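Because the structure is predicted, anything quoted here is derived from the model rather than measured. Start at 1 with the first residue, then count along the sequence.
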Amino acid sequence: KLSIVHRDLKPQNILLEEMPNPTHFDRFDVRICDFGLSKDVSDPDSANPAIMKTQVTATGVILGTADYMAPEQAKSDKNLDQSADIFSWAAVAYQVCTGRNNLDGNLIQKLASLQSMDQNTVSKNYIPVNDINPEIPQELAELIDVILSTANKKERLVNAGLSSQG
């Protein structure tokens, strides 16, 4: 069994195919693509061969796309786990629900905002989903908001109801 962290989940890497004869729950087939930055976290020594040289020679290099990157990924945390991809999913969902990114500014400002988040802070410019689009179901909006506002990766899973361990 593989425990893969994608590390670059973004709209461009999510493919939707409309299903023939869809029902309410299976209108689209969703596929994740571009595993060029992915890593099997069940084996700390594994890495995608395409980036093996980058990992060995480029300590401190930030891999991923800032608009959808978790705070720990922006800090070049070598111990990324599924919580980074969950943060990225929430950033994508935020954009789908609101029509905008959850972070403002240019690349440097976005990375600085993510890197400055600690366990007790949220990006000061964060606007909750329902403040922008009140038509989004409250439970979905709150899930997205809690994931994007939790910098600590273990707490993020607990706060989102995805883990019972803090």
Quiz item: Do you know which two heavy atoms are closest between Y68 and P11, and how far apart they sit?
Solution: CZ-CD, 3.3 Å

Quiz prompt | Distance (rounded to the nearest 0.5 Å) between N133 CG and I136 CD1 | solution = 4.0 Å

Practice problem: Identify whether L16 and M19 are in the same connected component of the hydrophobic contact network (ILVMFWY, side-chain heavy atoms under 4.5 Å). | Solution: no

Self-check item: Partners passing side chain to side chain donor-acceptor pair (under 3.5 Å) against D34 (at least two apart in sequence or in another chain)
Solution: none

Self-check item: Nearest atoms (heavy-atom pairs only) where C97 meets I144
Solution: SG-CD1, 4.0 Å

Quiz item: Are the aromatic ring centres of F87 and Y94 under 6.0 angstrom apart?
Solution: no

Quiz item: Which atom names give the shortest non-hydrogen contact between N13 and D8, and what distance separates them?
Solution: ND2-O, 2.8 Å

Practice problem: Grab the two heavy atoms, one from S38 and one from I4, that are nearest each other, plus how far apart they are. | Solution: CB-CG2, 3.8 Å

Exercise. Supply the atom-to-atom distance Q95 CD to N101 CG, rounded to the nearest 0.5 angstrom.
Key: 4.5 Å

Practice problem: Scan residues 81-103 for pairs that pass salt bridge (charged side-chain N to carboxylate O under 4.0 Å, His left out), counting only residues two or more places apart or in two chains. | Solution: R100-D104

Exercise. State the CE-OG distance between M69 and S88, to the nearest 0.5 angstrom.
Key: 8.0 Å

Quiz item: Sequence neighbours excluded, which residues qualify as side chain to side chain donor-acceptor pair (under 3.5 Å) partners of T98?
Solution: none

Quiz item: Is a side-chain donor or acceptor of R7 paired with a backbone partner of G64 at a separation under 3.5 angstrom?
Solution: no

Quiz prompt | H6/F35 under side chain to side chain contact (heavy atoms under 4.5 Å, CB included): CA gap, chis, key distance, verdict | solution = CA-CA 6 Å; H6 189 279; F35 286 81; 3.7 Å; yes

Self-check item: Atom pair CG (L148) and CD1 (I86), whose distance is rounded to the nearest 0.5 Å
Solution: 12.0 Å

Quiz item: In Å, rounded to the nearest 0.5 Å, how long is the span from CG of L9 to OG1 of T65?
Solution: 9.5 Å

Quiz item: Any chain of hydrophobic side-chain contacts (each under 4.5 Å) joining V96 to L15?
Solution: no

Practice problem: Please report the shortest heavy-atom distance between P71 and R156, naming the atom on each side. | Solution: CD-NH2, 3.6 Å

Quiz item: Does D77 have any side chain to side chain donor-acceptor pair (under 3.5 Å) partners at least two apart in sequence or in another chain, and if so, which?
Solution: K153

Practice problem: Please collect all salt bridge (charged side-chain N to carboxylate O under 4.0 Å, His left out) contacts where either partner lies in residues 133-144, sequence neighbours excluded, each pair once. | Solution: none

Quiz item: Of all heavy-atom pairs between A66 and L103, which one has the smallest distance, and what is that distance?
Solution: O-CD1, 3.9 Å

Exercise. Apply side-chain contact (heavy atoms from CB on, under 4.5 Å) to A84 and list each qualifying residue two or more places apart in sequence or on a separate chain.
Key: A70, E72, Q73, L80

Quiz item: Is the shortest heavy-atom distance from the side chain of K39 to the side chain of S3 under 4.5 Å?
Solution: no

